[in-house]
Structures are given as structure tokens and as C-alpha cells.
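Owing to the predicted nature of the structure, the values given are computational and were not obtained by experimental measurement. Only this structure's heavy atoms are used, side chains among them; waters, hydrogens and symmetry mates stay out.
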2 protein chains.
Amino acid sequence: MPDETQLFDAVARVMARQPGSSMQEIATAAGISRTTLHRAFGDRETLVETLTAHVLADCERAFDAAGIDHDDPQQAFDRLLDDALTLAKAYSLLFSEPHIHRVPRLVDEIAEQETRLARFFERGQRAGQFRPELPPQWLAYSVGAQLEAIWWAIEDGHVGARDAARLLRATILGGIAVRS
Amino acid sequence: MPDETQLFDAVARVMARQPGSSMQEIATAAGISRTTLHRAFGDRETLVETLTAHVLADCERAFDAAGIDHDDPQQAFDRLLDDALTLAKAYSLLFSEPHIHRVPRLVDEIAEQETRLARFFERGQRAGQFRPELPPQWLAYSVGAQLEAIWWAIEDGHVGARDAARLLRATILGGIAVRS
DNA sequence: AGCAGGTGGAACAAAAATGTTTCAAGCGGG
DNA sequence: CCCGCTTGAAACATTTTTGTTCCACCTGCT
């Protein structure tokens with residue numbers, strides 16, 4: 001019986017990595033019984049909604065902490081990468097359960113955060129720090145995908161968690177090509 | 001009743017974007033009846049295995065066509081991006097259905113292609129074209145994730161399909177930061 | 001020892017998904 | 001027109017999942 005934070009984390013992990021898992025599989029992966037899972041979260045829809053709201057709040061906190069709305073874009077981006085795994089887990093979850101996208105409240109919240117991130121990149125472009133020829137929406141998708149990728153790479157044992165922020169920073173900001 | 005290529009594509013799309021869909025939902029999204037879906041692919045496990053083998057073959061062909069094993073890495077990479085959507089659909093599917101990872105034949109094939117891509121980046125690093133301080137495995141994950149991302153961005157209407165290769169090339173090779 | 005609280009196993013009914021068969025309807029080629 | 005082929009709707013038995021209830025067990029506390 002892990003504490004609540006670990007429980008959220010374990011449940012989110014299995015739902016993200018093994019979409020379509022049954023309540024039994026989720027419970028087992030989280031190290032609790034199906035009975036306790038139901039007691040803690042109610043039915044499946046409630047579980048999904050609770051978990052989604054939870055990770056969206058994590059995202060919002062990370063965005064706030066990084067200061068993506070007002071602070072210097074370059075520095076805000078660096079701080080954002082410190083919460084890479086938080087964001088990665090959130091993003092991975094959002095597309096694992098179709099039910100999420102049938103809840104207007106969550107759909108709106110997701111769209112809002114997507115816009116917020118795109119606006120951040122747009123601001124960085126105006127500040128001359130991000131390349132202006134790349135659509136901000138695409139930057140949001142690209143960066144989001146790489147946040148997920150680093151999490152997967154860590155879980156698969158290819159990358160150490162300590163290297164995450166450094167690799168992300170190097171790859172996202174500088175690209176993979178050697179500068180000529 | 002779409003032709004077989006379109007059918008594969010439609011089924012793969014719904015399984016990738018709405019993991020955990022029922023056979024009914026898959027069939028409806030593909031524009032056919034559940035009866036026909038079963039007639040065409042057999043049971044669910046067979047469907048998953050057939051589809052996975054199919055997209056893996058697509059990947060292999062794209063890798064071959066791009067010449068990632070022997071040709072100049074820079075040029076091979078450009079050619080790889082021409083098949084971005086093929087690879088994107090494949091990758092999206094691979095992690096949508098847990099059953100895939102319980103079939104040794106598919107697990108081996110996936111691992112092999114992952115290794116092949118990582119070796120490509122390693123070769124490009126030795127050729128002085130990709131940054132040597134980034135682990136090749138991470139490059140494979142990062143690029144794979146961005147291939148998926150561009151597909152999502154296109155499906156969501158944020159990016160035109162014609163811009164895909166250009167945006168990917170600019171973002172992956174050069175990064176998002178303005179060169180100082 | 002006794003008690004309160006949380007936990008998981010078992011059992012259960014209800015609901016959903018699955019896989020199959022049957023049959024009528026549509027479509028294209030002869 | 002008629003035949004062969006494919007499709008999809010309906011029905012179905014079966015299996016799986018789901019949500020709930022009950023109860024025994026364990027743990028921590030007094």
C-alpha cells in the first residue's frame with residue numbers, strides 16, 4: 001500500500017504505457033487490489049477524470065514555476081526542463097484514454113494548456129530566442145513529444161534520469177546536427 | 001468499403017489515436033462493419049499482429065529506401081523524412097496495444113529496428129554529422145517521438161502535410177534556438 | 001488483549017466485448 | 001436478367017470486465 005503520491009504515479013504509469021489495461025491490471029501494476037482501487041477512485045471514468053485533472057494541475061504548477069508567461073524565455077525553458085518527467089507523465093496520460101476527450105472540462109483545460117505553451121514559444125520567437133520560421137504550435141508538439149521520449153528512454157534504461165534535462169536541452173535547443 | 005491499403009491505414013489510425021477501442025469502434029472508424037472486420041483479420045490478437053507486422057515492414061522499406069545503413073547519413077536522414085508519416089503511424093501503433101509486446105516475434109523485430117536506427121545515428125556521429133555527445137539510443141527516441149508529433153500536428157490541423165519534412169528537418173537537425 | 005481502520009480475497013450480478021453463424025440485400029460481371 | 005461474391009445487420013453463446021458487497025485478516029494503537 002504505497003502512499004497517495006506513489007499510487008497516482010503508478011496508476012498513471014501503467015495507463016500511459018499499457019493503454020486499454022483493465023482495472024485488474026491497473027491495480028496489480030500499482031501494487032494494490034482491485035477492491036482498493038475502486039475504493040480509492042470510484043469507477044473507471046472517475047479514475048480517469050481524477051487522474052487527468054491531477055496531472056493537468058501538475059503541468060500548470062510546472063508552467064507557473066518555470067514562469068513561461070512572463071520570464072525570460074530562455075531561462076523559463078531551462079526551468080521547464082527541470083520538471084521534464086512531470087510533464088512527460090502528464091502528456092503520456094492525456095492520449096491514452098479516449099474517455100478523457102469526452103469530458104468537456106478536461107478538453108478545455110488541455111486546449112488551454114496547449115495554447116499557453118504555444119504562446120510561450122511565440123513570445124520566445126518575438127524575443128529573438130526561438131527560430132521564427134517554426135510555427136509555435138509545432139514547437140509545442142515537438143517539445144511535448146520529446147519530453148515523453150525522454151521518459152520512455154529512462155524507463156527503458158537507455159538514459160539515466162540525471163541526464164534528462166541536459167539531453168533535452170542540448171537536443172531541443174541545438175538540434176542533433178553538428179554545426180558547420 | 002475502402003481498398004485494403006486504406007483499410008489498414010484507417011484501422012491503424014484509430015488504434016493509435018484511441019487506444020483500447022473495441023472491435024466495434026475500430027470497425028466503425030474504419031468505415032466497415034464488425035462482421036467484415038472479423039472476416040478480414042480474424043480475432044483481435046490476429047488483427048494486432050497482422051497490423052503490427054505490416055507497419056514494421058513499412059518501416060523496414062523506408063529504412064532501406066533511405067539507405068540508413070550505408071549511404072551518407074545526412075542525405076539518408078533527409079530521405080527518411082520523406083517517409084515521415086509512414087514511420088509516424090508505425091511508431092504510434094507499436095505502443096498502443098500491450099498484446100504486441102507479448103508476441104516474441106514482434107518484440108524481436110521492434111528491438112531490431114530500434115537498434116538499426118540507433119546504429120544509423122552512431123554512424124552519423126562517427127562521420128562527424130551528428131553531435132557525438134548525445135547517446136544514439138536517445139537520438140532514436142527523440143527523432144521517433146518527433147515523427148509521431150508531426151503526424152499528430154497534421155491530424156489536428158496545426159501543420160500542413162506538405163510542410164512536414166521541412167519542419168522536421170529544421171527542428172531536428174538545427175534545434176529551436178536561434179544561433180547566437 | 002481488545003478495538004478501529006484499512007486491506008484484499010471471494011463471490012456475485014450486471015454490463016460490455018468478443019467471436020461466430022445466419023440471412024437478406026447490394027453490386028458487378030456474364 | 002441471373003449468378004457469384006461481398007457486405008452488413010441481427011442474433012447468439014461465451015468470455016471478460018466492471019462495480020459492488022461481504023467477510024476474514026492484519027496492523028497500529030490503547
Side-chain angles (χ1 to χ4, degrees), chain A residues 1-55 92-106, chain B residues 1-55 92-106:
Chain A
M1 61 188 104
D3 70 25
E4 184 156 298
T5 300
Q6 288 175 321
L7 184 58
F8 268 76
D9 204 68
V11 173
R13 168 177 286 114
V14 61
M15 293 188 69
R17 300 229 37 165
Q18 303 197 325
S21 295
S22 66
M23 295 293 275
Q24 177 63 68
E25 291 169 319
I26 293 171
T28 302
I32 59 177
S33 71
R34 195 167 65 96
T35 310
T36 303
L37 183 63
H38 271 110
R39 252 195 298 262
F41 292 102
D43 62 17
R44 191 191 181 96
E45 295 196 349
T46 306
L47 165 63
V48 169
E49 291 168 31
T50 302
L51 218 57
T52 303
H54 187 264
V55 299
S92 296
L93 183 68
L94 294 186
F95 303 99
S96 67
E97 194 74 23
H99 172 66
I100 293 172
H101 302 280
R102 287 191 288 266
V103 181
R105 189 183 93 247
L106 298 176
Chain B
M1 63 189 101
D3 70 24
E4 185 156 296
T5 300
Q6 288 176 320
L7 184 57
F8 269 75
D9 204 68
V11 173
R13 168 178 285 113
V14 62
M15 293 187 68
R17 301 229 35 168
Q18 303 198 323
S21 295
S22 66
M23 294 294 274
Q24 178 63 67
E25 290 169 319
I26 293 171
T28 302
I32 60 177
S33 71
R34 195 168 66 95
T35 310
T36 302
L37 183 63
H38 272 109
R39 253 197 295 263
F41 293 101
D43 62 16
R44 192 191 180 97
E45 294 195 349
T46 306
L47 165 63
V48 169
E49 291 169 29
T50 302
L51 218 57
T52 303
H54 187 264
V55 299
S92 296
L93 183 68
L94 295 186
F95 304 99
S96 66
E97 194 74 24
H99 172 65
I100 292 172
H101 301 280
R102 286 191 288 266
V103 181
R105 189 183 92 245
L106 298 177

For [X] and [N], give me the distance from atom [atom1] to atom [atom2], rounded to whole Å.
X        : N       : atom1 : atom2 : answer
Arg44(A) : dG19(D) : CZ    : P     : 8 Å
Gln24(A) : dT20(D) : CD    : C1'   : 15 Å
Ile32(A) : dG9(C)  : CD1   : P     : 11 Å
Asp43(A) : dA14(C) : CG    : C1'   : 14 Å
Glu45(A) : dG19(D) : CD    : P     : 8 Å
Met23(A) : dA16(C) : CE    : C1'   : 15 Å
His38(B) : dT7(D)  : NE2   : P     : 15 Å

Glu49(B)-His99(B) side chain donor-acceptor pair, cut-off 3.5 Å: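 Side chains of Glu49(B) and His99(B): pair found under 3.5 Å.
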
Sole residue of Glu45(A), Met15(A), Arg102(A) in side-chain contact (heavy atoms from CB on, under 4.5 Å) with Glu97(A):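 Of the listed options, the one satisfying the test is Met15(A).
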
Qualifying residue for side-chain contact (heavy atoms from CB on, under 4.5 Å) with Phe41(A), from Leu47(A), Val48(A), Thr46(A), Ile26(A):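 Option passing the side-chain contact (heavy atoms from CB on, under 4.5 Å) with Phe41(A): Leu47(A).
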
Residue whose closest nucleotide on DNA chain C lies nearer the 5' end, Arg34(A) versus Leu37(A):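 By nearest-heavy-atom nucleotide position, the 5'-most residue is Leu37(A).
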
Sugar-phosphate only, base, or nothing, as touched by Ser22(A) at under 4.0 Å among non-hydrogen atoms: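 The residue Ser22(A) makes sugar-phosphate contact but no base contact.
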
Sugar-phosphate only, base, or nothing, as touched by Arg39(B) at under 4.0 Å among non-hydrogen atoms: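 Base, at least one base atom sits under 4.0 Å.
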
Whether Phe8(A) and His54(A) hold their rings parallel, tilted or perpendicular, with breakpoints at 30° and 60°: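 Plane angle between 30° and 60°, so tilted.
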
Residue met sooner reading DNA chain D from 5', once Glu25(A) and Thr35(A) are mapped to nucleotides: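 So the residue in question is Glu25(A).
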
Short side-chain N/O contact to dT7(C) OP1/OP2 from Thr36(A), under 4.0 Å: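 Checking Thr36(A) against dT7(C): no side-chain N or O falls below 4.0 Å of OP1 or OP2.
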
dG8(C) OP1/OP2 closer than 4.0 Å to side-chain N/O of Ser33(A):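 Yes, such a contact exists.
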
